[in-house]
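Each chain gets a letter, A, B and so on, in the order its sequence line appears, and its residues count up from 1. Quantities reported herein were computed from a predicted structural model and do not represent experimental measurements.
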Amino acid sequence: MSEPMLSFENVHTFYGKIEALKGVSLTVNRGEIVTLIGANGAGKTTLLMTLCGSPRAASGTIRFEGEDITQRETHLIMQGGIAVSPEGRRVFPGLSVLENLQMGGFFSDAERIEEDLERVFTLFPRLRERSAQRAGTMSGGEQQMLAIGRALMSRPRLLLLDEPSLGLAPLIIAQIFQIVQEIRDEGVTVFLVEQNAHRALALADRGYVIENGRIVMSDTGSALLANADIRKAYLGG
Amino acid sequence: MNDLLPVLAQQVINGLSLGSIYALIAIGYTMVYGIIGMINFAHGEIYMIGAYVGVVTITALGAASGAMPLALVLSGALIIAVVVTAAYGWTVERVAYRPLRGSPRLVPLISAIGMSIFLQNYVQLGQGARDISVPPLLPGNLFEIDVEGFPVSLSLTRALIIFATLALMIALTLYISRSRMGRACRACSQDMGMANLLGIDTNRVISFTFVVGAILAAVGGVLIGLSIGKINPFIGFVAGIKAFTAAVLGGIGSIPGAMLGGVLLGLTETFASAFLPTEYKDVVAFGLLVLILLFRPTGLLGTPDVEKV
Ligand SMILES: Nc1ncnc2c1ncn2[C@@H]1O[C@H](COP(=O)(O)OP(=O)(O)OP(=O)(O)O)[C@@H](O)[C@H]1O
Ligand SMILES: [Mg+2]
């Protein structure tokens with residue numbers, strides 16, 4: 001592996017005067033599942049969204065597939081092989097499930113949309129059953145599946161997931177993590193933000209720990225899972 | 001009271017044609033609000049510009065060749081008015097709104113009012129402040145029938161207004177519900193940031209709503225010129241307020257709501273002026289608005305926050 005697929009180099013992000021990222025550096029290699037764990041307010045969402053260009057990094061460099069995307073407009077970043085299932089899922093509540101998925105594949109022609117719908121419906125059979133339903137009336141778990149499915153519709157090479165397990169029943173969480181694994185096995189690189197550190201670290205090849213806007217630790221998923229400090233802080237002892 | 005039926009029938013026809021104009025303008029207010037959550041205060045002036053471009057084109061085409069077929073003059077005027085007015089609508093967004101995106105809501109509101117004053121004066125400078133008359137392109141009636149000894153008529157101009165509006169409403173509804181761009185409009189009205197995260201250039205979607213609003217307002221402007229026979233640079237003000245009222249009445253942000261609100265307001269006004277002294281027609285119209293908002297604060301077809309376009 002010569003060059004990482006994604007890299008942050010000393011990235012700072014502000015909300016007004018509040019510095020939410022205080023010089024973050026990290027890398028994600030092609031084909032990996034990398035997870036970012038941290039407490040509430042540590043800066044996980046900010047890190048993902050800075051990658052998408054909103055908010056914009058105040059300084060530092062973000063590179064994706066060798067190109068500097070730090071100042072690129074959000075819509076251009078997202079047209080370039082990155083897709084996100086954001087915090088809170090943000091499905092379009094008044095659009096049907098099918099229309100939400102079509103929005104995910106906005107730049108594909110009809111034929112490619114058909115192929116990608118088939119792929120998403122195979123991963124999430126529930127979405128096929130519900131394709132005519134308004135997304136706002138779906139359950140939390142279904143909306144999460146829809147948010148991931150919508151992100152896959154653009155055939156991303158890098159998939160960003162912000163707390164996909166939040167507020168879901170254990171059975172659904174297990175299902176979603178299973179599917180994240182399948183997505184990676186199809187060749188998509190995954191960057192996963194989680195508070196459910198146990199599952200995330202068990203799944204991930206590597207993990208980063210963020211605290212108060214700084215990366216404080218990084219290692220393989222299994223090493224972090226075995227780490228005493230991590231167990232105490234994030235895994236309940 | 002055996003003249004009641006013909007009077008009612010005539011007022012329904014008049015109300016529908018007035019309401020159609022309101023609906024055409026109201027859609028511009030409602031679509032822009034649905035997308036950026038702001039009232040485009042220059043929209044009444046966009047409509048006025050549409051009317052002027054229409055008149056100027058009709059006059060020019062009519063003078064160029066007296067023998068030019070009527071349909072050609074009319075469609076030429078509509079097409080040119082639509083294209084030119086769309087460019088104005090697009091420019092209003094670029095000049096008065098886009099540079100101010102992200103600033104406090106009061107700021108673009110003031111720049112839009114400034115834009116409206118500017119456009120009014122700009123047309124006054126070019127065309128004069130007085131009424132200019134519109135050549136009567138479509139004299140005569142589509143039909144005139146006798147109801148219990150009283151005539152009820154539908155003039156050709158009114159018929160054109162009603163049918164053109166109906167056709168545009170159907171086309172717009174289909175476009176918004178079926179097309180890719182229509183879907184993007186609805187998505188943006190629900191969560192613009194998310195649409196952006198899907199790679200959509202949301203600035204283009206915003207421009208699109210200004211352009212669509214301007215196109216419909218231009219058609220309304222050309223048709224009202226033909227119907228009333230004269231226009232002046234101030235027609236955008238009152239029509240704008242009425243159409244805005246119609247949009248709120250129907251539920252601001254909702255396209256079917258703007259259509260319904262426009263027609264309802266037009267009917268209310270014509271009925272009020274038929275049965276009450278004319279000065280009461282605005283009182284009744286705004287009274288209706290207050291009444292409906294009391295019972296349905298989101299307007300007739302508005303839903304709180306979800307699916308605004
Ligand atoms: N839009 C905003 N305006 C101002 N401050 C913000 C904004 N968004 C986040 N912050 C602040 O930035 C810091 C990092 O927030 P962020 O949402 O990135 O945390 P997080 O790790 O994703 O937390 P959680 O696990 O609760 O989702 C917090 O202190 C938060 O209060
Ligand atoms: Mg978060």
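- Of the possible polar contacts, one joining the A/T189 side chain to the A/G31 backbone as a donor-acceptor pair under 3.5 Å is found.
- Interface with chain B: from residues 139-151 of chain A, residues A/R150 qualify, criterion being any non-hydrogen pair under 4.5 Å.
- The backbone N or O of B/G251 lies less than 3.5 Å from no partner atom in the side chain of B/T298, so there is not a single donor-acceptor pair.
- By the 4.0 Å N-to-carboxylate-O rule, A/K44 lies too far from A/E194 to be salt-bridged with it.
- Of the two parts of A/M49, only the side chain, counted from C-beta on, holds a non-hydrogen atom closer than 4.5 Å to a non-hydrogen atom of chain B.
- Highest contact tally toward chain B, considering only A/R90, A/E99, A/M78, is held by A/R90 [criterion: heavy-atom pairs under 4.5 Å].
- A/S25 places a side-chain N or O within donor-acceptor distance of the main-chain N or O of A/N10, the cut-off being under 3.5 Å.
- Within a 6.0 Å radius of CZ in A/R112, more than 12 heavy atoms belonging to other residues, nucleotides or ligands are found.
- Between B/Y29 and B/H43, the ring planes are perpendicular. Angles over 60° get that label, and only those under 30° would be called parallel.
- Most heavy-atom pairs under 4.5 Å with chain B, from the set A/Q79, A/Q102, A/E73: that is A/Q102.
- In this structure a side-chain-to-backbone donor-acceptor pair under 3.5 Å is present from B/S207 to B/N203.
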